[in-house]
Amino acid sequence: MSSQPTETQAPTRRRKPRPAGTLYRGDITGLWSWVLHRITGVAIFFFLLVHILDTALVRISPAAYDAVIGTYKTPIMGLGEVALVGAIAYHAFNGLRIILVDFWQWGTTHQRLLSWIVIALWVITMAGFVPRHLISVFTGQ
Amino acid sequence: MSVTIENPRSPYTRPRVGGLNIEKWGWIYMRVSGVVLVVLIFGHLFVNLMLGTGVHQIDFAFVGGKWSDPFWQWWDTIMLWLAMIHGANGMRTIVNDYVRKVQVARVLKVALFASAAILIILGTLVAFTFDPCPAGAPADLVASFCPVS
């Protein structure tokens with residue numbers, strides 16, 4: 001290893017130009033709406049399991065039900081309810097979009113527009129719910 | 001002897017194997033139940049969290065008031081059945097997509113089916129055997145229409 005090869009150095013590799021428009025990276029109308037639909041669906045499913053059980057406490061006693069449902073009125077759970085309603089509203093509006101895309105030719109050719117309508121409806125729903133709910137949770141009435 | 005030749009431009013049709021296409025009906029169920037659930041759940045959330053005093057109104061007396069009316073008993077029971085089956089079927093799709101081991105997938109799907117069945121039966125029994133005025137309950141915890149004992 002005395003003689004250093006000087007000419008065998010790797011040439012600086014030129015970055016290949018990206019193939020334009022052939023690599024699917026996902027956008028809001030496709031991949032991300034699908035991912036969000038799954039995540040919100042799983043979250044809602046596990047809440048549903050808990051919610052059926054906590055409601056079943058009405059068959060135990062009024063005090064047992066009130067004690068558990070009382071935890072839904074704390075600030076941390078109040079924020080959790082905002083997340084829950086956000087997940088439900090997204091899953092609902094995006095599910096309706098999927099149905100329109102499946103059954104309606106106009107929906108299939110206007111997927112991008114429909115996705116923005118989903119986001120707009122979600123923002124409107126949350127604008128109606130979040131202030132009303134958080135004021136109720138944090139002022140205690 | 002004449003031979004009937006199929007129209008070469010006719011679209012490929014998959015040969016029918018069984019009678020009932022369960023996956024097709026699952027696909028349809030997700031869409032039909034989804035539309036109904038949007039109405040039922042948005043109504044549920046609006047009545048419980050937006051009207052009145054919102055989340056603070058929810059207690060035993062509130063449930064007693066709602067479930068002394070068959071309208072809300074049926075509303076909540078239909079919501080329970082549709083949502084639980086919709087959710088369990090969606091989870092089944094996710095298991096099919098991500099769980100590669102056949103045995104693990106089978107165990108998960110049995111668990112999904114069992115939890116859905118148990119919670120549907122439990123919830124239906126609770127909604128229809130519910131007594132808004134249980135004997136001996138403190139008057140300040142039950143609905144105002146309950147007779148003072």
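The shown structure was predicted, so the numbers you read here are calculated from the model rather than taken from an experiment. Atom set for the values below is all heavy atoms of this structure, side chains included, hydrogens, waters and symmetry mates excluded. Order of the sequence lines fixes the chain letters, A, B, ..., with proteins taken first and strands second; residue numbering starts at 1 for each chain.
- For B:Phe42, the part sitting under 4.5 Å from any heavy atom of chain A is the side chain, from C-beta outward, and nothing else.
- With a 4.5 Å cut-off on non-hydrogen atoms, A:Phe103 touches chain B through its side chain but not through its backbone.
- B:Val126 is listed as a side-chain neighbour of B:Trp67, based on a closest heavy-atom distance under 4.5 Å.
- Side-chain contact between A:Ile88 and B:Leu45 is present, with heavy atoms from C-beta onward closer than 4.5 Å.
- Counting heavy-atom pairs under 4.5 Å between each of B:Leu49, B:Asp131, B:Leu37, B:Val63 and chain A puts B:Leu49 at the top.
- Between chain B and the residues A:Leu48, A:Thr125, A:Asp102, A:Val68, the largest count of heavy-atom pairs under 4.5 Å involves A:Asp102.
- For chain A, the nearby part of B:Ile41 is the side chain; its heavy atoms alone come within less than 4.5 Å.
- The 12-atom threshold is exceeded at CZ of B:Phe145, counting heavy atoms of other residues, nucleotides or ligands nearer than 6.0 Å.
- If you measure heavy-atom distances from A:Ala64 to chain B, you find no contacts under 4.5 Å at all.
- When side chains are defined from C-beta on, B:Leu141 does not count as touching A:Tyr65, because their heavy atoms never get closer than 4.5 Å.
- For a residue to count as touching a neighbouring chain, one of its non-hydrogen atoms must lie under 4.5 Å from one of that chain's; by this rule B:Ile58 touches chain A with backbone and side chain alike.
- Only the side chain of B:Leu122 comes within less than 4.5 Å of a heavy atom of chain A; its backbone N, CA, C and O stay farther away.
- Residues B:Trp81 and B:Ser33 form no side-chain contact, since every pair of their non-hydrogen atoms from C-beta on lies 4.5 Å or further apart.
- Residue contact with chain A, scored on non-hydrogen atoms closer than 4.5 Å, involves the side chain of B:Met91 exclusively.
- The candidate from B:Leu80, B:Val142, B:Thr129 with the greatest count of non-hydrogen atom pairs under 4.5 Å with chain A is B:Thr129.
- With chain B as partner, the option from A:His51, A:His133, A:Arg38 having the largest number of non-hydrogen pairs under 4.5 angstrom is A:Arg38.
- If you look at B:Phe71 and B:Trp75, their ring centroids are closer than 6.0 Å.
- Between A:Leu49 and B:Met84 the shortest side-chain heavy-atom distance falls below 4.5 Å.
- Looking at B:Leu112, only its side chain comes within 4.5 Å of chain A, counting heavy atoms on both sides.
- Here the side chains of B:Val38 and B:Val35 are not in contact, with every heavy-atom distance at 4.5 Å or above.
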